[in-house]
Amino acid sequence: ALAALPLLTLLLPGLLLAQDQKTAFLTADEAGPDFEVQGEYSASLGEADVKVGIQVIAQGSGTFRAVGYIGGLPGDGWDGQPETRIAGSGKMDGEVCILKSDHPDHQGRAVIREGMLILYDGDNVKVGELRKVNRESPTLGKAPPRGAVVLFDGTTADHFAGGRLSADKLLMEGVTSKQKFGSYSLHLEFMLSFMPWARGQGRANSGCYQQGRYEVQILDSFGLEGKNNECGGVYEIADPAIKMCFPPMAWQTYDIYYHAAQFDESGKKQKNAWLTVRHNGVVVHDRLKLPRGTRAAPVKEGPEDGPIYLQNHGNPIRFRNIWLLPITD
């Protein structure tokens, strides 16, 4: 046993890291001080009154990534161009977080303290202050219209196969609606867990499948590029037009207008399904055609109606206020 100790000493850091990657928080009280630093900061700076947005992303153990946007945060002024996007990184230093740009032509730094981000240039001259903002989707809390099918209103999970309620009466991941649908307008609210040590597809991963066939990805991709396998993307088919993922533990919305594929009497597909997706109120897909079902989707393409499926990818996700209005056009 003693002979194995050196090997165990070498393996232990890796084992602890693997355990940390699965650590997930669903309340701010549990999440710790890094969660208070993470988030979005915004202000208009200088005589030109240029709007600037910065997203600060926790990476675990007091370390952070940061992405700055000239023009404002995504969905609030940023033009989506890579040249107006500046990345950086940093860590906690006592009570403050210090960030520095990764770009060789930008030698400034940022200091975050008590909900305020202070920018300094390369000569240590203060450029301005950005205040932490907590954006809300304009469709958050949207009430179901007349004729809507209410799938979840916080009272019961019985409308879903595998339905489970958390202690605070929220719907948990890994459920399939018992009722099946054709074309519809869907409203869904979701909250990503805070997983600071995880990366990529391991960070609060789920998905909302239309008819159990076509996945609109759910993922903590706050501060990432905005790809088809990130939040707002249609998995393996299309990137979102703009990356609208809010920080984890902020409530977010999907408003999806879905039109089912059309088949002839022999079962041959005549027209692809298509959808329009609003993520946090912003159109990220506009009448996007869906040439095929998502790989490993629980329901194959076909003329039959299908369910709403909220994927369990091994990470805790919470849902609320889910309703669907069937459409016939």
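For the numbers below, each heavy atom of this structure counts, side chains included, while hydrogens, waters and symmetry mates do not.
- The backbone N or O of F222 lies less than 3.5 Å from a partner atom in the side chain of D220, making a donor-acceptor pair.
- In summary, the aromatic rings of F190 and W251 are positioned with their centroids too far apart to meet the 6.0 Å limit.
- The main-chain N or O of G62 is found under 3.5 Å from a side-chain atom of D34 such that the two form a donor-acceptor pair.
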What do the steps show when you test T63 against S61 for side chain to side chain donor-acceptor pair (under 3.5 Å), and what is the final call? CA-CA 6 Å; T63 63; S61 305; over 6 Å; no
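- In the hydrophobic clustering of ILVMFWY residues, with side-chain heavy atoms under 4.5 Å counting as a link, F246 and L73 come out apart.
- For the residue pair E40 and Q55, a side-chain donor N or O sits within less than 3.5 Å of a side-chain acceptor on the partner.
- Under a 4.0 Å N-O distance rule, the pair D153/R320 does not qualify as a salt bridge.
- Between P145 and L325, the shortest heavy-atom contact is CG-CD2, 4.0 Å.
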For a quick test of your reading: what N or O donor-acceptor pairs under 3.5 Å do the side chains of residues 283-292 make, sequence neighbours left out?
{"unit_1": "H285", "atom_1": "NE2", "unit_2": "G232", "atom_2": "O", "d": "2.7"}
{"unit_1": "R292", "atom_1": "NH2", "unit_2": "E236", "atom_2": "O", "d": "3.4"}

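- Panel note: side chain N321, backbone K142; a donor-acceptor pair is recorded below 3.5 Å.
- Proximity of D239 to E225: side-chain heavy atoms (C-beta onward) are nowhere separated by under 4.5 Å.
- Side-chain N or O atoms of R213 include one that pairs as donor or acceptor with a backbone N or O of K300 at under 3.5 Å.
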Please output the side-chain donor-acceptor pairs of residues 162-170 that fall under 3.5 Å, not counting sequence neighbours, one pair per line with the distance.
{"unit_1": "R164", "atom_1": "NH2", "unit_2": "E173", "atom_2": "O", "d": "2.8"}
{"unit_1": "R164", "atom_1": "NH2", "unit_2": "E173", "atom_2": "OE2", "d": "3.4"}
{"unit_1": "S166", "atom_1": "OG", "unit_2": "D168", "atom_2": "OD1", "d": "2.4"}
{"unit_1": "S166", "atom_1": "OG", "unit_2": "L170", "atom_2": "N", "d": "3.1"}
{"unit_1": "S166", "atom_1": "OG", "unit_2": "L170", "atom_2": "O", "d": "3.4"}

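- Taking the six-membered ring for Trp, F152 and H159 have ring centres at least 6.0 Å apart.
- What you find for Q252 and H279 is that their closest heavy atoms are OE1-NE2, 3.0 Å.
- No option in F194, F25, F64 other than F194 meets the ring-ring contact (aromatic ring centres under 6.0 Å, His included) test with F35.
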